[in-house]
Q: 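There's a structure below that I have some questions on.
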Amino acid sequence: MTRHSPFGHRSLTTTVMQCPREQRREALLQLAAVHDPAQQPALQHALSTVKADPDTVWQGLWIATQAGHIEAAAWVQPLSNQMAQLWLPRQHNSSVDALLKALQGWVNEQPIALCHVALSDDAASWETRLVTHGMRALATLEHLVWQCQTVQSPANLLILSPFAELTPAQQRALVEKVSEGSLDCPELREVLTIDALLAGFYDQAPNAPDNWYQLKHQGETIGVLLLASNPVTQRWSLQLMGLLPDWRGGGMGKEIIQQAQALASKAEARDITLTVDTQNVPAKRVYAQAGFTRYAQQRLLAWC
């Protein structure tokens, strides 16, 4: 007999519960990402990690049914460091509100510090619904891309040294100091620990800490540059760049970008992508001057 969470509940016509094993495949087909080519690779990657701890992973797969038929499904995918991602239902039917209400209650009972979802422009209709069910809007994110090409040689004011030369404690301290006063997603950084932030960067970069650097000037560490490379797609991503507060405003941001562009071009990468908070005007100006252009925008929401 399948046992369901105490948060499962019945209305006159709808039953909301954790998905039984025999209905998992059918439930996954009800996720919006399955039917969105832009989200399919990310969902496939997420599903590829299930084998590591299947029992825990599938606790977050929930369904709303009527007369035994699945009307809607959603999945809270556990990530590292008490993080999780919400994969939305495909449907906008009457069962979705009951499903989200049950999921919110379940998430609140789990050791999950933050469960997030990123909404594309064509999914903006979800925001009101998610906010109704307790999610906070944390940021509007712009996704930028630069097509690799020959770049001007950096001024060499900065020397790149391996990030791995730092002890774990030194790594955390450096990232924490660089994040201090950052205009990128300040509300998100309020609820994320530095350990969770670094764990997220490691999850995004299978080859980390390759292409992770501390930035030095005259022998002093003054910043960080974290890059992730994908040898299959030949796409690089700029995960984090920044300077210690005392070193900001001196024009070194331009050189950091040039260093990243030179590294990617030397590795024969196809392009570099990055994500920036739309309110971070100074950073957006530097990226635009370096040739980055916007290709997508998302709203970041979360149960915190």
Side-chain angles (χ1 to χ4, degrees), residues 5-11 13-19 27 30-36 38-39 42-43 46 59-65 70-79 81-143 182-193 196-197 200 275-281 284 294 296-304:
S5 164
F7 288 100
H9 65 279
R10 281 184 187 273
S11 66
T13 58
T14 302
T15 300
V16 179
M17 61 185 177
Q18 288 175 320
C19 183
Q30 301 295 326
L31 299 180
V34 172
H35 307 276
D36 182 353
Q39 296 187 67
L43 179 60
Q59 288 177 13
L61 180 61
W62 283 64
I63 57 175
T65 67
I70 297 179
E71 294 293 314
W75 180 33
V76 174
Q77 175 202 357
L79 305 172
N81 281 63
Q82 298 185 318
M83 303 279 287
Q85 177 174 350
L86 173 63
W87 296 90
L88 291 169
R90 181 186 184 188
Q91 299 86 347
H92 273 277
N93 57 35
S94 59
S95 299
V96 167
D97 285 315
L99 179 61
L100 291 173
K101 180 179 179 181
L103 267 178
Q104 181 190 5
W106 179 79
V107 166
N108 287 340
E109 292 295 317
Q110 306 306 306
I112 296 175
L114 184 143
C115 176
H116 76 275
V117 62
L119 301 178
S120 58
D121 289 338
D122 59 0
S125 58
W126 276 104
E127 181 166 348
T128 301
R129 201 166 212 162
L130 292 171
V131 169
T132 299
H133 291 285
M135 278 202 162
R136 285 173 54 190
L138 299 180
T140 301
L141 305 175
E142 294 186 22
H143 300 282
S182 172
L183 298 178
D184 256 339
C185 305
E187 290 195 51
L188 177 61
R189 293 176 187 272
E190 284 180 8
V191 298
L192 273 186
T193 66
L197 189 65
T275 301
V276 61
D277 191 323
T278 192
Q279 296 184 351
N280 191 349
V281 176
K284 289 169 58 178
R294 189 177 76 174
Q297 181 169 295
Q298 292 179 317
R299 287 279 285 169
L300 182 67
L301 290 85
W303 284 313
C304 304

Q: State, with a plain yes or no, whether a side-chain heavy atom of Leu114 is found less than 4.5 Å away from one of Leu188.
A: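 Yes. Closest side-chain heavy atoms under 4.5 Å.
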Q: Above 12 or not: heavy atoms from other molecules or residues under 6.0 Å from CD of Gln297?
A: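 Buried by this count: over 12 neighbours within 6.0 Å.
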Q: Looking at every heavy atom in both Arg299 and Ala137, which two are closest together, and how far apart are they?
A: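 Scanning both residues, the minimum pair turns out to be NH2-CB, 3.4 Å.
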Q: Just by distance, do the side chain of Asp184 and the backbone of Asp277 share a donor-acceptor pair under 3.5 Å?
A: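 Present.
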Q: What orientation do Trp106 and Trp62 show, parallel under 30°, tilted 30 to 60°, or perpendicular over 60°?
A: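 Geometry flag for Trp62 against Trp106: tilted rings.
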Q: Side-chain contact, heavy-atom cut-off 4.5 Å: Leu301 with Leu86?
A: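 Not in contact.
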Q: Less than 3.5 Å apart, any donor N or O on the side chain of Gln30 or Gln91 sitting next to an acceptor on the other?
A: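 Checked: Gln30/Gln91 side chains pair up, N/O donor to acceptor below 3.5 Å.
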Q: Any side-chain heavy atom of Gln82 within less than 4.5 Å of one from Ile112?
A: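 When only atoms from C-beta onward are counted, Ile112 and Gln82 do not touch, as no gap falls below 4.5 Å.
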Q: Answer yes or no: is there a donor N or O on one side and an acceptor on the other, between the side chain of Trp87 and the main chain of Ala73, under 3.5 Å?
A: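 Side chain of Trp87 to backbone of Ala73: no pair is present.
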Q: When you measure from the side chain of His116 to the backbone of Ala84, do you find a donor-acceptor pair of N or O atoms at a distance under 3.5 Å?
A: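 Yes, because the side chain of His116 sits within donor-acceptor range (under 3.5 Å) of the backbone of Ala84.
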Q: Test: salt bridge (Lys or Arg N to Asp or Glu O under 4.0 Å). Region: residues 90-100. Which pairs qualify, not counting sequence neighbours?
A: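 Found Asp97-Arg129.
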Q: Centres of the His92 and Trp126 rings: under 6.0 Å?
A: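 Yes: the rings meet the under 6.0 Å criterion.
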